[in-house]
Protein chains: 2
Amino acid sequence: METITENQKLKVAKKIKKMFGHMKRSEMEYCPIRDVMALASDKWSILIILYLGYYPVLRFNQLKKKVYGISNKVLSERLKVLESDGYLSRTLYPEVPIRVEYELTDFGHSYLQKILDLSEWVTTYSDQIMANRKKYANAQG
Amino acid sequence: METITENQKLKVAKKIKKMFGHMKRSEMEYCPIRDVMALASDKWSILIILYLGYYPVLRFNQLKKKVYGISNKVLSERLKVLESDGYLSRTLYPEVPIRVEYELTDFGHSYLQKILDLSEWVTTYSDQIMANRKKYANAQG
DNA sequence: AAGAGCAGGTTACCAAAAGTAACTTATATT
DNA sequence: AATATAAGTTACTTTTGGTAACCTGCTCTT
């Protein structure tokens, strides 16, 4: 892990201050960062967005296969939330059997870039995190 | 929202492929992205990391005041997980009364940079997301 | 010496969210 | 008439999250 300089830390602190340094106590209670992040950064939503970044168009059951382990219920819920927030579009083709296609909006693609940076970081360091966990678990006995 | 070019989309798809294109079905079931993200990207953990990026050292009850609305129990849990994964360090001073200080590790600072990018994006677009939600809610009736 | 206070939690309890598996709807095929 | 299919929904169980009271080990006040 490359060390971070004091100068970089100061820059980061400045950015954080800009983000919510002006917020009052009462405003913190309903904090958009908390709200938006809570919905879009859970494990399933991130995977859905990543898969739609890779396969530009996917149907419900295709997504279900790709997003390994997700249930109908949760997939359906997440898709509604992600559509509602504007990350993806849902198009229904009234054929028989019915066909429904999901794809990222421009907004979703913008978000995907951020999520992708984060995911790449996680992928790069996941081994180290697992090692950290083991070390901690041993230290605790 | 600035539109994304087809070329950019291709680059993104390539990165995603690199990340988990090689994974087998059986490996997807335990996916480190899912695991690590699930723990570090929940709303409380993100706020804890952001506050420790702003105030370099914080004690338990100071954090509790900053991270508005968090309970003892959840703060205590999150701190353990974040320490276990290596994002922050916990230092106990056996004074009277006891003093415990939390601060980001270098690893935590590295993660903070990614979280900060994401948070800035969210802050920039949170109004639009709220507008999207309203539009969707009205469309559903 | 008895009681209050403080930091940093833990515990017991209740509510909300996530996961599981069976069911639904509308049509087409056998 | 029975079976299949896509895209979900529903009823139920399990897990997680949140709330509030409590604990521990010491010191300071009365």
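Only a predicted model underlies this, so the values are computations on that prediction, with no experimental measurement involved. Atom set for the values below is all heavy atoms of this structure, side chains included, hydrogens, waters and symmetry mates excluded.
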**Q** Toward the 5' end of DNA chain D, which comes first, K80(A) or D42(B), by nearest nucleotide?
**A**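 Taking each residue's closest nucleotide, the earlier one in sequence belongs to K80(A).
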**Q** Check every atom of dG8(D), dG8(C), dA18(C) against the side chain of F60(A) and return the nucleotide holding the closest atom.
**A**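 Closest of the options to the side chain of F60(A): dG8(D).
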**Q** Are L63(B) and Y55(B) linked, directly or through other ILVMFWY residues, by side chains that come within less than 4.5 angstrom of each other?
**A**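 Same cluster.
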**Q** The side chain of V100(A) is closest to which nucleotide in this list: dG17(D), dA6(D), dG8(D)?
**A**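 Comparing dG17(D), dA6(D), dG8(D) against the side chain of V100(A), the answer is dG8(D).
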**Q** Would you say the rings of Y68(A) and Y51(A) are close, in the sense that their centroids are separated by under 6.0 Å?
**A**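 For Y51(A) and Y68(A), the ring centres are not under 6.0 Å apart.
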**Q** Classify Y102(A) by what it touches in the nucleic acid, base, sugar-phosphate, or nothing, heavy-atom distance under 4.0 Å.
**A**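 Sugar-phosphate contact only - Y102(A) comes under 4.0 Å of backbone atoms but never of a base.
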**Q** Taking the side chain of R59(A) as heavy atoms from C-beta outward, which of dC6(C), dA6(D), dG8(C) is closest to it?
**A**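 Nearest listed nucleotide: dA6(D).
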**Q** Less than 6.0 angstrom separating the ring centers of Y102(B) and Y87(B), yes or no?
**A**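 No, too far apart.
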**Q** Would the distance check show the side chain of Q128(B) and the main-chain N or O of Y125(B) forming a donor-acceptor pair, the cut-off being under 3.5 Å?
**A**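 Checked: no pair found.
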**Q** How close do R99(B) and E95(B) get, heavy atom to heavy atom, and via which atoms?
**A**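 Heavy atoms of R99(B) and E95(B) come nearest at NH2-OE2, 2.7 Å.
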**Q** So, is R78(B) near the phosphate of dG17(D), with a side-chain N or O under 4.0 Å from OP1 or OP2?
**A**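 Answer yes for this pair, as a side-chain N or O of R78(B) is under 4.0 Å from OP1 or OP2.
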**Q** Please check the phosphate of dG19(C) (OP1 and OP2 only) for any side-chain N or O of W44(A) closer than 4.0 Å.
**A**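 So the side-chain polar atoms of W44(A) do come within 4.0 Å of the phosphate oxygens OP1 or OP2 of dG19(C), strictly under.
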**Q** Quick check: does any side chain N or O of S84(A) sit under 3.5 Å from a backbone N or O of K80(A), one acting as donor and the other as acceptor?
**A**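 Looks like no, no N/O pair under 3.5 Å.
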**Q** Work out how much the helix from dA1(C)-dT30(D) to dT30(C)-dA1(D) bends between its end axes, five pairs an end, to the nearest 10 degrees.
**A**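 Roughly 30° between the end axes, to the nearest 10°.
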**Q** Using ring centroids (six-membered ring only for Trp), state whether W121(B) and F107(A) fall under 6.0 Å.
**A**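 When the ring centroids of F107(A) and W121(B) are compared, they turn out to be within the sub-6.0 Å range.
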**Q** Would you find a donor on one side and an acceptor on the other, under 3.5 Å apart, between the side chain of T105(B) and the backbone of G86(B)?
**A**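 Checked: pair present.
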**Q** From C-beta outward on R90(A), which listed nucleotide comes closest to its side chain: dC6(C), dT27(C), dG8(D)?
**A**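 It is dG8(D).
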**Q** For residues 63-76 of chain B, which residues have at least one heavy atom under 4.0 Å from DNA chain C?
**A**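 Here the set is N72(B), K73(B), S76(B).
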**Q** Does K9(A) form a salt bridge (charged side-chain N to carboxylate O under 4.0 Å, His left out) with E6(A)? I'd like the steps, not just the answer.
**A** CA-CA 5 Å; K9(A) 286 186 188 175; E6(A) 287 310 308; 3.5 Å; yes
